Amino acid sequence: MNLSILIPLLNEEESLKELYTWIIKVMQEHNYTYEIIFLDDGSTDDSWTIIEGFAQKNPHVKGVRFMKNFGKSQALHAGFAKAQGDVIITMDADLQDSPEEIPGLYEMIVNGKYDLVSGWKKKRYDSVVAKNLPSKLFNWAARKTSGVELNDFNCGLKAYKNVVVKNIEVSGEMHRYIPVLAKNAGFGKIGEKVVQHQARKYGETKFGMERFINGFLDLITIWFLSRFGKRPMHLFGAMGSLMFIIGFILAGYIGISKLYHMYNDMRYNLVTSNPWFYIALTTMVLGTQLFLAGFLGEIILRTKNNEERYKVSSEVNFL
């Protein structure tokens with residue numbers, strides 16, 4: 001199978017029929033073998049009924065429906081597990097991603113030998129203040145932090161080799177950082193393609209300004225996980241040991257200083273009246289806590305239970 005097209009969605013009943021017709025047109029024009037997997041993230045409108053209608057008419061259309069809204073990352077995780085195509089395309093259901101871009105993305109993966117190709121909406125039709133400027137700042141921070149040189153991490157239109165999606169773990173709100181996850185997994189050939197961005201035709205965006213706040217927090221998380229996710233003791237243990245040693249040295253110095261003054265009949269103060277004593281004590285306590293945090297992190301990594309982070313209520317056209 002040439003293509004698996006994954007479409008996560010939430011309450012997009014108005015755009016689904018137009019999107020489906022457009023994708024089928026592109027598939028037929030290029031004679032692709034394909035599957036379209038709609039990932040309904042707990043829609044409360046008639047989105048799932050429409051998807052079931054597509055599936056009845058076209059065996060290439062498949063669907064997964066969540067019991068409630070679990071998030072885009074969880075929807076993509078479910079889709080990646082189901083996808084069978086040699087190339088996986090992800091795109092949003094709001095018609096802001098153009099299916100006409102699919103052949104170009106497919107060619108870059110197949111002939112260009114890229115592991116992953118991310119769309120770049122160079123010309124956008126969103127609000128400059130509410131979306132464009134925060135997005136530019138966010139993308140700059142993501143490039144500097146991750147080392148992945150992409151101009152548009154937020155673009156939902158991406159193409160992957162099948163082996164890539166089978167070897168990355170998408171959780172939380174990490175769908176923005178799939179290229180970073182792929183890089184950390186060892187897939188180094190990551191490209192970018194300028195794609196057409198279309199103004200929203202139906203409904204309203206499901207993401208507000210809070211997505212940028214969450215995005216920056218997730219950026220810190222992925223930075224940490226990429227460096228210490230498999231070895232938390234290397235960070236917390238090292239910091240804890242260093243702080244404990246510094247505190248111990250300070251406490252030793254205070255104690256030795258008092259003994260010296262006592263031995264030489266010199267004037268001395270109580271240890272507890274010396275502010276450095278409390279600094280030393282606090283440093284040792286914090287160092288011990290950091291060390292224990294690293295130790296517990298190592299234990300959790302070795303005993304963690306990989307439970308599903310979402311619940312599926314319905315599926316169509318999966319064997």
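Not measured: the values here are computed from a predicted model.
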Checking side-chain contact (heavy atoms from CB on, under 4.5 Å) for the pair Tyr263/Leu259: CA distance, chi angles, key distance, verdict?
CA-CA 6 Å; Tyr263 181 78; Leu259 290 174; over 6 Å; no

Heavy-atom distance under 4.5 Å between the side chains of Met284 and Ile245, does that happen here?
no

Passes side-chain contact (heavy atoms from CB on, under 4.5 Å), Phe38 versus Val316? Steps please.
CA-CA 10 Å; Phe38 288 98; Val316 291; over 6 Å; no

Derivation of the side-chain contact (heavy atoms from CB on, under 4.5 Å) call for Phe80 and Ile88
CA-CA 8 Å; Phe80 288 161; Ile88 315 303; 4.2 Å; yes

In Å, rounded to the nearest 0.5 Å, how long is the span from CG of Leu181 to CD of Glu169?
9.0 Å

Could you tell me whether the side chains of Tyr106 and Asn111 share a donor-acceptor contact shorter than 3.5 Å?
no

Donor-acceptor check, side chain of Glu13 to backbone of Asp46, threshold 3.5 angstrom: yes or no?
yes

Heavy atoms only: give me the nearest Leu250-Ala280 pair and the separation to one decimal.
CB-CB, 3.6 Å

Under the side-chain contact (heavy atoms from CB on, under 4.5 Å) rule, what do Ile5 and Met27 come out as? Steps first, then yes or no, please.
CA-CA 11 Å; Ile5 302 170; Met27 295 299 102; 3.8 Å; yes

In this structure, which one of Glu192, Glu107, Met108 forms a side-chain contact (heavy atoms from CB on, under 4.5 Å) with Val117?
Met108

Looking at every non-hydrogen atom in both residues, tell me the closest pair between Ser4 and Gly85 and how far apart they are.
OG-N, 2.7 Å

Quick one: are Ile36 and Ile7 in side-chain contact, heavy atoms under 4.5 Å?
yes

State whether the side chain of Ser241 and the backbone N or O of Ala238 hold a donor-acceptor pair below 3.5 Å, judged by distance alone.
no

Going only through I, L, V, M, F, W and Y residues with side-chain contacts under 4.5 Å, is there a path from Tyr310 to Phe318?
yes

Cluster question for you: counting only ILVMFWY and a side-chain heavy-atom cut-off of under 4.5 Å, with indirect links fine, are Trp120 and Ile178 together?
no

Would you say that more than 12 heavy atoms from the other residues, nucleotides or ligands in this model lie under 6.0 Å from the OH of Tyr32, or not?
yes

Exercise: identify the closest heavy-atom pair between Ser15 and Ala93:
OG-O, 2.6 Å

For the residue pair Asn11 and Thr44, what are the closest heavy atoms and their distance?
OD1-N, 2.6 Å

Should Asp41 and Asn69 be marked as a side-chain hydrogen bond (donor to acceptor under 3.5 Å, both in side chains) after you check the CA-CA gap, both sets of side-chain angles, and the distance that decides it?
CA-CA 5 Å; Asp41 187 21; Asn69 177 228; 2.5 Å; yes

Compare all side-chain heavy atoms of Ser118 with those of Asp152 and state whether any distance is below 4.5 angstrom.
no

Test item: Ser314 and Trp48 side chains (from C-beta on) under 4.5 Å apart, heavy atoms
yes

Within-4.5 Å side-chain heavy-atom neighbours: Leu105 and Lys193
yes

Considering non-hydrogen atoms only, spot the tightest contact between Thr283 and Met243 and give its length.
CG2-O, 2.8 Å

Got a sec: does the CE of Met1 have more than 12 other heavy atoms crowding it under 6.0 Å?
yes

Atom NE2 in His77, atom CG in Leu6: separation rounded to 0.5 Å?
12.5 Å

Side chains of Tyr34 and Asn2, donor plus acceptor under 3.5 Å:
no

So, taking the atom named CD1 in Ile50 and the one named CG in Asp40, what distance separates them when rounded to the nearest 0.5 Å?
10.0 Å

Indicate, with yes or no, if Leu281 and Ile249 share a hydrophobic cluster defined by side-chain heavy-atom contacts under 4.5 Å among Ile, Leu, Val, Met, Phe, Trp and Tyr.
no

d(Phe291 CZ, Leu296 CG) to nearest 0.5 Å is 10.5 Å

Check Asp92 with Lys72, please: is the shortest side-chain N to carboxylate O separation under 4.0 Å?
yes

For Lys82, salt bridge (Lys or Arg N to Asp or Glu O under 4.0 Å) partners two or more places apart:
Glu315

Tell me whether the count of non-hydrogen atoms from other residues, nucleotides or ligands lying under 6.0 Å of OH in Tyr260 goes above 12.
no

Among Val163, Ile168, Asn162, whose side-chain contact (heavy atoms from CB on, under 4.5 Å) with Lys166 holds?
Asn162

Between Tyr160 and Phe187, is the ring pair (Phe, Tyr, Trp, His ring centres under 6.0 Å) condition met? List the steps.
CA-CA 10 Å; Tyr160 313 81; Phe187 300 100; over 10 Å; no

Assigning hydrophobic clusters by single linkage (Ile, Leu, Val, Met, Phe, Trp, Tyr; side-chain heavy-atom cutoff under 4.5 Å), is Leu292 placed with Val285?
no

Could you measure the distance from the CD1 atom of Ile89 to the CD1 atom of Ile23? Nearest 0.5 Å is fine.
10.5 Å

Which value, rounded to the nearest 0.5 Å, describes the distance between Ile51 atom CD1 and Lys17 atom NZ?
12.5 Å

Within a 6.0 Å radius of atom NZ on Lys189, are there more than 12 heavy atoms belonging to other residues, nucleotides or ligands?
yes

Quick one: do Lys25 and Glu100 make a salt bridge, cutoff under 4.0 Å?
yes

For the student: nearest non-hydrogen atoms of Ser98 and Met91, plus distance:
C-CE, 4.2 Å

Would a 4.5 Å heavy-atom cut-off, applied to side chains only, mark Phe70 and Lys311 as touching?
yes

Is there a side-chain contact between Ser47 and Leu16, using heavy atoms and a 4.5 Å cut-off?
yes

Hydrophobic clusters here meaning ILVMFWY residues chained together by side-chain heavy-atom distances under 4.5 Å, can you tell me if Trp276 and Ile246 are in one?
yes

Are any side-chain N or O atoms of Ser257 and backbone N or O atoms of Tyr253, one a donor and one an acceptor, separated by less than 3.5 Å?
no

For residues Leu9 and Asp94, determine if any side-chain heavy atom of one lies less than 4.5 Å from a side-chain heavy atom of the other.
no

